[in-house]
A.B. asks: 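Here it is, the structure, as C-alpha cells.
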Amino acid sequence: QNAQEDKKHLDATKKELAEGIITAVNLGAKIISISAGVASPSLDLENAVNYAEKRGVFIVDAAGGSESGIEYPAAYPTVLAVGGTNHGGVRLDNSNIGPELDIMATGEYMTIGLHGKCMTGAGTSLATPIVSVHLAKILLNNFNYTPQKTRDILLSLAKDIGKPGIDDETGYGLLEQEKVVSRICS
C-alpha cells in the first residue's frame, strides 16, 4: 500500500508542477525558475513545458541531487538543466549528471541566519536562480529573443570546466557571470 501511496503522491507532484508552469505562462512569466524535479517524465509535465516554449517562455530547472540522472522537467530538451559547483568551480557531489545537463553555476552558500547561526548549503537548487537572473539580464536588453536564441547565447558564455567540449558531468561548463554582464553592457 505504501508503494501505491508513493505513486499517487508522485503523480500529484508531476501534475501540480505542470499546472504551476501553465499558470506562470498564463500570468505572463518570461522566465520560470524551478528548483524542484521528479525522477521520471509525465505527459502533463511534457505538455506544460511545450506550452511554455511555444509561448516564448524560458524554463530553467535544477538538475537534481538524487543521483538518478537529470530530473524532470530539467531533462526535457527545451528546459535549461542547471548543475551546481562549489566556489572553486568543481562539480558538487550532489549535482546530478547526464546528457541533458546544460550548464553549471555556483550552488554553494554560507550565510548567517536567524539568531546569528552560521548556515551552509549546496545543491543544484541554489545554482538555478543564478542562471535565471543572468537569463533575465540577457532578455532585458533583447526582449524579443526566443528561448532557443537565449539558451544559445547563455551556453556560449560558459567556461568549459570538465572534459573538453560538452559532457555529461558539466554540460557546456560553468556560467561566467562577468561574460554575461560584459555581453549585455557593451
Side-chain angles (χ1 to χ4, degrees), residues 1-84 92 94-109 121-140 142-155 168 171-172 175 180:
Q1 186 175 8
N2 284 343
Q4 273 185 326
E5 288 176 19
D6 287 346
K7 185 181 178 338
K8 283 173 89 174
H9 175 72
L10 186 58
D11 288 343
T13 302
K14 290 175 185 178
K15 186 173 178 130
E16 290 164 354
L17 192 50
E19 289 171 355
I21 291 169
I22 291 169
T23 299
V25 170
N26 289 341
L27 290 174
K30 292 297 176 196
I31 298 172
I32 301 172
S33 184
I34 304 170
S35 287
V38 293
S40 60
S42 79
L43 187 56
D44 287 334
L45 204 46
E46 185 175 6
N47 287 339
V49 165
N50 291 337
Y51 181 77
E53 180 76 10
K54 286 178 186 165
R55 281 152 187 80
V57 177
F58 200 95
I59 300 177
V60 183
D61 188 22
S66 63
E67 297 182 17
S68 65
I70 306 301
E71 294 181 352
Y72 290 85
Y76 291 118
T78 60
V79 176
L80 193 65
V82 180
L92 297 170
N94 66 343
S95 182
N96 285 358
I97 61 174
E100 304 89 352
L101 182 65
D102 292 304
I103 197 162
M104 307 293 282
T106 304
E108 184 176 66
Y109 77 90
T124 62
S125 291
L126 301 170
T128 300
I130 292 171
V131 173
S132 298
V133 164
H134 285 82
L135 283 173
K137 287 178 184 179
I138 293 170
L139 289 175
L140 277 174
N142 307 286
F143 198 70
N144 294 325
Y145 280 6
T146 64
Q148 182 61 53
K149 181 169 179 124
T150 308
R151 278 191 294 273
D152 291 346
I153 290 170
L154 190 77
L155 296 175
D168 291 358
Y172 283 79
L175 175 65
V180 176

A.B. asks: Are the side chains of N142 and T150 in contact, using a 4.5 Å heavy-atom criterion?
C.D. replies: no

A.B. asks: Show the nearest heavy-atom pair for residues G37 and P73, with the distance to one decimal.
C.D. replies: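 In terms of heavy atoms, the two residues are closest at CA-CD, 4.5 Å.
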
A.B. asks: Can you confirm whether the side chains of K14 and S40 place a donor and an acceptor under 3.5 Å from each other?
C.D. replies: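 On atom types as modelled, these side chains qualify, holding a pair under 3.5 Å.
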
A.B. asks: Looking at CD1 of I22 and CZ of R55, how far apart are the two atoms once the value is rounded to the nearest 0.5 Å?
C.D. replies: 9.0 Å

A.B. asks: So, taking the atom named CG in L17 and the one named OG1 in T13, what distance separates them when rounded to the nearest 0.5 Å?
C.D. replies: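 It is 8.5 Å, given to the nearest 0.5 Å.
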
A.B. asks: Checking Y76 now: which residues fulfil ring-ring contact (aromatic ring centres under 6.0 Å, His included) with it, not counting sequence neighbours?
C.D. replies: Y72

A.B. asks: For A81 and I70, which heavy atoms make the closest approach, and how far apart are they?
C.D. replies: CB-CG2, 4.1 Å

A.B. asks: Only one of I103, V60, D102 forms a side-chain contact (heavy atoms from CB on, under 4.5 Å) with L154, so which one is it?
C.D. replies: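 Among the candidates, only I103 passes.
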
A.B. asks: Which heavy atom of S125 sits nearest to which heavy atom of S35, and what is that distance?
C.D. replies: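 That would be O-OG, 2.9 Å.
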
A.B. asks: Determine whether I34 and V79 make a side-chain contact, defined as any pair of heavy atoms from C-beta on separated by less than 4.5 Å.
C.D. replies: no

A.B. asks: What heavy-atom pair brings E100 and A75 nearest, and what distance separates the two atoms?
C.D. replies: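 Nearest heavy atoms, E100 then A75: CG-O, 3.4 Å.
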
A.B. asks: Which pairs would a plain distance check flag for residues 47-54, meaning a side-chain donor or acceptor within less than 3.5 Å of a matching protein atom at least two apart in sequence or in another chain?
C.D. replies:
unit_1	atom_1	unit_2	atom_2	d
N47	ND2	L43	O	3.3
N50	ND2	E46	O	3.3
Y51	OH	N26	OD1	2.4
E53	OE1	R151	NH1	3.4
E53	OE2	R151	NH2	3.1

A.B. asks: Evaluate the side-chain proximity of I130 to V82: yes if any heavy-atom separation is below 4.5 Å, no if none is.
C.D. replies: no

A.B. asks: So which heavy atom on G84 is nearest to which on A127, and how close?
C.D. replies: CA-CB, 4.0 Å

A.B. asks: Distance from T78 atom OG1 to I59 atom CD1, nearest 0.5 Å?
C.D. replies: 6.0 Å

A.B. asks: Please round to the nearest 0.5 Å and tell me the distance separating atom CG of L135 and atom CD1 of I31.
C.D. replies: 5.0 Å

A.B. asks: Any heavy-atom pair between the side chains of L101 and N96 that's under 4.5 Å?
C.D. replies: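 The answer is no; the side chains never approach within 4.5 Å.
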
A.B. asks: Quick check against the 3.5 Å criterion: does T124 have a side-chain atom that pairs as donor or acceptor with the backbone of G64?
C.D. replies: yes

A.B. asks: Just by modelled atom types, is the A62 backbone N or O under 3.5 Å from a matching donor or acceptor in the T128 side chain?
C.D. replies: yes

A.B. asks: Distance from Y109 atom OH to L126 atom CG, nearest 0.5 Å?
C.D. replies: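 If I round to the nearest 0.5 Å, the distance is 6.0 Å.
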
A.B. asks: Please examine the side chains of L45 and V38, heavy atoms only from C-beta on, and report whether any two atoms are closer than 4.5 Å.
C.D. replies: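 Yes - at least one pair of side-chain heavy atoms lies under 4.5 Å apart.
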
A.B. asks: Looking at every non-hydrogen atom in both residues, tell me the closest pair between S66 and E71 and how far apart they are.
C.D. replies: OG-OE2, 3.0 Å

A.B. asks: Could you tell me the separation between the CG atom of L139 and the CZ atom of F58, rounded to the nearest 0.5 Å?
C.D. replies: 8.0 Å

